[in-house]
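The block underneath contains the structure these notes are about, expressed in structure tokens.
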Number of protein chains: 2
Amino acid sequence: LIAFRNVWKTYQMGEIQVNALKDVSVEFKKGEFAAIIGPSGSGKSTMMNLVGCLDIPSKGSIFLKDQNIAQLDESDLAGLRGGTIGFVFQQYNLIPGMTALENVLLPLEIQEIDDAPAEKQAKELLALVGLSDHIRHRPSQLSGGQQQRVSIARALACSPEVVLADEPTGALDSVTGSEVMAILHRLWKENGKTIIMVTHDMHLAQYARRHIELKDGAIIRDEINENQ
Amino acid sequence: LIAFRNVWKTYQMGEIQVNALKDVSVEFKKGEFAAIIGPSGSGKSTMMNLVGCLDIPSKGSIFLKDQNIAQLDESDLAGLRGGTIGFVFQQYNLIPGMTALENVLLPLEIQEIDDAPAEKQAKELLALVGLSDHIRHRPSQLSGGQQQRVSIARALACSPEVVLADEPTGALDSVTGSEVMAILHRLWKENGKTIIMVTHDMHLAQYARRHIELKDGAIIRDEINENQ
Ligand SMILES: Nc1ncnc2c1ncn2[C@@H]1O[C@H](COP(=O)(O)OP(=O)(O)OP(=O)(O)O)[C@@H](O)[C@H]1O
Ligand SMILES: Nc1ncnc2c1ncn2[C@@H]1O[C@H](COP(=O)(O)OP(=O)(O)OP(=O)(O)O)[C@@H](O)[C@H]1O
Ligand SMILES: [Mg+2]
Ligand SMILES: [Mg+2]
């Protein structure tokens with residue numbers, strides 16, 4: 001479904017070259033549940049942005065459904081991404097001027113879903129993450145964990161095949177966090193979605209079938225989690 | 001040191017009144033280490049902003065060193081706060097256009113510390129949180145956990161008496177997170193600082209001597225943690 005071949009991501013900072021990812025080759029199959037783990041600064045978010053086709057590698061190639069994304073123009077790529085991938089960003093990336101409901105409606109509007117079914121879907125997802133009483137709040141009127149939950153609801157809005165979640169429960173208490181993990185786990189087990197989740201919490205990593213560990217931009221471990 | 005008397009924080013949203021904090025009375029003594037725990041949306045960050053005198057209560061009074069903060073003008077309050085309180089924000093609140101080093105230098109400049117000792121202090125703090133190789137990065141060039149660590153270094157810049165930390169290790173892997181907790185614990189035990197930390201992680205709450213639990217804007221529990 002998504003494949004990396006010898007992918008590097010390099011940033012030039014004056015004289016110094018920062019290698020955020022080094023020679024990463026990995027394949028994600030349809031219906032997988034993978035956890036990407038590793039220390040702060042090890043390249044997890046960089047890898048997620050590339051998996052989500054939101055960024056271009058400095059070297060190497062990335063394939064989405066067997067198409068080399070470097071050969072697609074931006075509008076084809078956006079189309080492919082929009083219907084296929086839902087992204088929970090580490091910093092939520094909500095639109096400040098829009099309410100929680102409007103933020104969740106945005107991907108549905110981009111996919112040209114009709115107003116009535118779109119509104120129903122958005123409200124159901126916000127209810128699922130416990131935010132029915134906050135749908136008219138704007139991000140600045142929401143707590144950190146509430147903003148994160150809006151970001152989760154938005155990622156699920158178009159029922160994407162692939163959910164990319166960058167530390168999706170980082171700002172949540174353990175009860176709310178477990179509810180979110182139960183949602184993701186159910187989407188995987190019952191709906192057959194592909195879930196790729198960054199987490200630095202080994203307890204949360206247990207929900208995933210596969211563990212990919214990063215260190216200094218390289219994959220140092222890629223194993224099946226026998227507990228799933 | 002810091003006292004709340006019957007403090008309420010209320011937001012008006014059209015017809016609806018949101019009570020983020022309800023009738024909270026609590027005292028924090030010099031040299032305490034308190035953890036504020038509770039579900040997402042329960043009022044922890046709201047309480048922290050009030051403790052840090054960054055916000056005004058809707059009802060009730062707040063005292064900093066026995067002075068009712070409502071009776072201070074903004075510049076006196078800013079002066080009192082600047083030298084006394086270091087704040088690690090839940091969303092870091094770094095200045096985007098400045099490097100990590102410049103962000104940590106800012107409170108030192110505000111306190112009019114000379115350039116050479118200020119730079120030495122800032123670099124030592126960034127080294128303490130493992131960011132010596134990133135001092136010239138701007139926030140957009142840093143990972144989530146690296147931004148959080150800059151925010152921690154900045155909070156400690158002026159060696160404040162009181163450290164207010166809103167989920168200070170939320171974006172950190174367990175090793176880096178433990179290093180940060182060890183720093184805070186040492187500042188409390190050896191330097192006698194007052195630490196008030198929001199966390200939704202019961203393992204991290206164990207570092208604190210006192211646990212204050214919030215639910216729907218009210219304190220439901222306030223106990224000594226026998227393990228400290
Ligand atoms: N400006 C605002 N307008 C309206 N409601 C607000 C505003 N700011 C906060 N709230 C509400 O106040 C409540 C408490 O928010 P607060 O940020 O203190 O929660 P929290 O305990 O820090 O949550 P989290 O663990 O998710 O960070 C939430 O229900 C939130 O929606
Ligand atoms: N625009 C940039 N310019 C320079 N360096 C960058 C840039 N973006 C990221 N980096 C560096 O690349 C490395 C990997 O960053 P990344 O955000 O992928 O880490 P991460 O594993 O997600 O960390 P965290 O767990 O703290 O979120 C870091 O050392 C970071 O400083
Ligand atoms: Mg990251
Ligand atoms: Mg908060």
Side-chain angles (χ1 to χ4, degrees), chain A residues 11-16 18 20 37-48 89-92 99 129-131 133-149 166-167 169-177 179-180 198-203 205 213-217, chain B residues 11-16 18 20 37-48 89-92 99 129-131 133-149 166-167 169-177 179-180 198-203 205 213-217:
Chain A
Y11 296 104
Q12 201 63 38
M13 299 205 52
E15 293 280 312
I16 305 169
V18 177
I37 58 186
S40 172
S42 55
K44 305 181 296 295
S45 297
T46 302
M47 185 166 169
M48 287 293 266
F89 294 92
Q90 187 169 5
Q91 318 241 11
Y92 325 145
T99 65
V129 294
L131 292 177
D133 294 341
H134 292 81
I135 68 176
R136 314 251 175 244
H137 282 56
R138 287 189 311 276
S140 61
Q141 299 168 325
L142 292 169
S143 76
Q146 289 166 344
Q147 291 176 39
Q148 187 163 48
R149 284 182 272 158
D166 196 342
E167 308 211 22
T169 62
L172 302 177
D173 56 282
S174 46
V175 171
T176 319
E179 290 168 3
V180 166
V198 168
T199 182
H200 54 251
D201 186 326
M202 288 313 296
H203 296 289
E213 187 172 355
L214 290 184
K215 184 181 203 282
D216 295 328
Chain B
Y11 296 104
Q12 202 63 38
M13 300 205 51
E15 294 279 313
I16 306 169
V18 177
I37 59 185
S40 172
S42 55
K44 305 180 296 297
S45 298
T46 301
M47 186 167 168
M48 287 294 265
F89 294 92
Q90 187 170 4
Q91 317 242 13
Y92 325 145
T99 65
V129 295
L131 291 175
D133 295 340
H134 292 80
I135 69 176
R136 313 250 175 244
H137 282 57
R138 287 189 310 277
S140 61
Q141 298 167 326
L142 292 170
S143 77
Q146 289 167 344
Q147 292 175 38
Q148 187 163 48
R149 284 182 272 158
D166 196 343
E167 309 210 20
T169 61
L172 303 177
D173 56 284
S174 46
V175 171
T176 318
E179 288 168 3
V180 166
V198 167
T199 181
H200 54 250
D201 185 326
M202 289 313 297
H203 297 290
E213 187 172 354
L214 290 183
K215 184 182 204 283
D216 295 328

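- The residue among B/Gly38, B/Gly145, B/Ser174, B/Gly130 with the most heavy atom pairs within less than 4.5 Å of chain A is B/Gly145.
- For B/Gln147, the part lying under 4.5 angstrom from a heavy atom of chain A is the side chain only.
- Only the side chain of A/Gln141 comes within contact range of chain B, judged by heavy atoms closer than 4.5 Å.
- The part of A/Arg149 that comes within reach of chain B is its side chain, from C-beta onward, which places non-hydrogen atoms under 4.5 angstrom from that chain.
- Highest contact tally toward chain A, considering only B/Met13, B/Gln148, B/Met202, B/His134, is held by B/Met13 [criterion: heavy-atom pairs under 4.5 Å].
- Pairing each heavy atom of A/Gln90 with each of B/Ala171, the nearest pair is NE2-CB, 4.3 Å.
- Both the backbone and the side chain of A/His137 come within less than 4.5 Å of a heavy atom in chain B.
- Residues passing the side chain to side chain contact (heavy atoms under 4.5 Å, CB included) test with A/Asp201 are A/Thr199, A/His203, A/Leu204, sequence neighbours excluded.
- A/Ser40 touches chain B through backbone and side chain together, each having a heavy atom under 4.5 Å away.
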